[in-house]
**Q** 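Attaching a single structure in structure tokens format; questions to follow.
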Amino acid sequence: MIEFIEVEKRYGAAVAVEKLDLTIEDNQFICVIGTSGSGKTTLLRMINRMIEPSTGAIKIDGVDTTGLNEDELRRKIGYVIQNIGLFPHMSIRDNIMIVPKLLKWGENQKQGIAERLIQKVELPLEYLDRKPKNLSGGQQQRIGVIRALAADQDIILMDEPFGALDPITREALQEMIKRLQQEMKKTIVFVTHDIEEAIKLADKIIIMDHGEIVQYDTTETILKNPANEFVEELLGKRKKQSHIGNDMRIADLMFTQVESISLSKSIIDAIRQMTNKKVDSLLVVDDEHHLKGFIDIKDIDRNINKVTNVYEIMRTETASVNQREKVADVVDPLLNMELKYLPVVDDDNCLVGIMTRSSLVSLIYDQLK
Ligand code: ADP
Ligand code: MG
């Protein structure tokens, strides 16, 4: 158990972390989230005294950490900073065993640890004798994670460890760290600025704003009862994605900002609009906003001296989809059609949005979670 008792951190007159009380129970996955500068790193680093609190006490299993020396703290608490890579000149085994070595563990104590850990992340034992450069980037990241577990501390502190990774690698590592935390019964305090990541990983979330904890509760409770507007806004960022599922409708995923032009406008108007908005096609609507077709820059180019109005060259064979249809049903047409997007209409055939290929990408990606 980690207890903060009236802990505060000031730098001169500036408050990094306001006076707070906080208890973190054992075997919990705790995510700390908040805007930049809200005090997340400070809160985290006070736990292992990389940062000394200005006032108050921090206890681990009832023992005030002021009384512990550096080695004792290291034995209890592991620390992983953002994107720290492996040491290139050391073997994978030596990389994994850095902290046990720092703690001067005996040979007996170190026996078999690297082997056990590498099997936990489904990499072959032979890799232990390789250099990092002979592993793929994703494999190196997995080694980075198990390195944090090698000294078997009860508490692991992680400060935006997956911050700069591509989404696919990141997903894989999130799943891995969550699984290992449960299997190995660790308490993890994990700083992130990504609400999706926090919701995916955390048993409980600490939400920080301007050095204060504005909410600390189970993920479920926070989702159901956000403490204030700040939390609501933070959660709002994920609303769009949270709908995504098998029966998701077009209306949930479409973009409502659409470049359209009235069929009575001139070709010059169309060119101007395309230039201003940096698009190469426009949907064409009538005065009641019914979808009538589309025009493409190539069509304009071919007819520039022959015609004057949009309706004379627009193509009327435009595919469209009703906003109440299922997203799953438009995957094929969207991937196979000429347009890069699909116009979305309501029951009166009025244009209400577009579905893009990139909105599908995020849909497909979301279902991998
Ligand atoms: P976060 O990790 O949430 O981005 P930090 O905990 O790093 O925020 O910082 C919290 C606040 O404390 C910030 O306003 C930051 O500028 C300030 N701060 C952090 N470290 C120092 C320092 N060594 N000296 C002065 N101010 C600091
Ligand atoms: Mg930080």
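Counting starts at 1 for both ligands and their atoms, following the listed order. The chain is numbered in sequence order, starting from 1. Bear in mind the structure is a predicted one, so any value in this text is a computation, not a measurement.
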**Q** Determine whether any protein heavy atom is located less than 4.0 Å from atom 15 (C) of ligand 1.
**A**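 It does not: no protein heavy atom is found less than 4.0 Å away from atom 15 (C) of ligand 1.
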**Q** Do NZ/NE/NH1/NH2 and the carboxylate oxygens of Lys298 and Asp301 come within less than 4.0 Å?
**A** no
**Q** Give a yes-or-no answer on whether the side chains of Arg45 and Tyr79 include a donor-acceptor pair shorter than 3.5 Å.
**A** yes
**Q** When you check the gap from the basic side-chain N to the acidic O, do Arg93 and Asp129 get nearer than 4.0 Å?
**A**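 Result for this pair is yes, salt bridge flagged.
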**Q** Would you say the side chains of Thr192 and Asp194 form a donor-acceptor pair under 3.5 Å?
**A**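 The answer is no; no qualifying pair exists.
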**Q** Heavy atoms only: which of Leu44, Val191, Thr41, Val32 is nearest to atom 2 (O) of ligand 1?
**A** Thr41
**Q** Can Glu171 and Lys200 be counted as an ion pair, charged N to O under 4.0 angstrom?
**A**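 Yes, Glu171 and Lys200 are salt-bridged.
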**Q** Going by heavy atoms, is Ala14 under 4.0 Å from ligand 1?
**A** no
**Q** Do Lys224 and Glu220 meet the salt-bridge criterion of a basic N to acidic O distance under 4.0 Å?
**A**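 Between Lys224 and Glu220 there is a salt bridge, with a charged N closer than 4.0 Å to a carboxylate O.
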**Q** Would you call Asp152 and Lys186 a salt bridge, taking side-chain N to carboxylate O under 4.0 Å as the test?
**A**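 Salt bridge present between Asp152 and Lys186.
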**Q** Could you establish whether Ser38 and ligand 1 come within less than 4.0 Å of each other, counting only heavy atoms on the residue side?
**A**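 Contact check Ser38 vs ligand 1: positive.
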**Q** Would you say Leu43 contacts ligand 1, with heavy atoms under 4.0 Å as the rule?
**A** no
**Q** Could you list the atoms of ligand 1 found under 4.0 angstrom from a heavy atom of Ser36?
**A**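 So the atoms of ligand 1 that pass are 4 (O).
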**Q** May I ask you to identify the nearest protein heavy atom to atom 4 (O) of ligand 1, giving residue, atom name and distance to one decimal place in Å?
**A**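 Answer, as residue, atom name and distance: Gly37 N, 2.7 Å.
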**Q** Could you go through Lys76 and Glu72, starting from their C-alpha distance and side-chain angles, then the distance that decides it, and tell me whether this counts as salt bridge (Lys or Arg N to Asp or Glu O under 4.0 Å)?
**A** CA-CA 7 Å; Lys76 287 184 183 297; Glu72 287 169 316; over 6 Å; no
**Q** For atom 25 (C) of ligand 1, which protein heavy atom lies nearest, and how many Å away is it?
**A**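 Looking only at protein heavy atoms, the one closest to atom 25 (C) of ligand 1 is Tyr11 CG, 3.3 Å.
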**Q** Going by the order shown, which atoms of ligand 1 are within less than 4.0 Å of some heavy atom of Thr42?
**A**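 Numbered from 1, ligand 1 contributes 5 (P), 6 (O), 9 (O), 10 (C).
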**Q** Which ligand 1 atoms does Thr35 reach within 4.0 Å, using its non-hydrogen atoms?
**A** 3 (O)
**Q** Within less than 2.8 Å of the Mg ion (ligand 2), any N, O or S from Thr42?
**A** no
**Q** Can an N or O of Ala16 be found at a distance shorter than 3.5 Å from an N or O of ligand 1?
**A** no
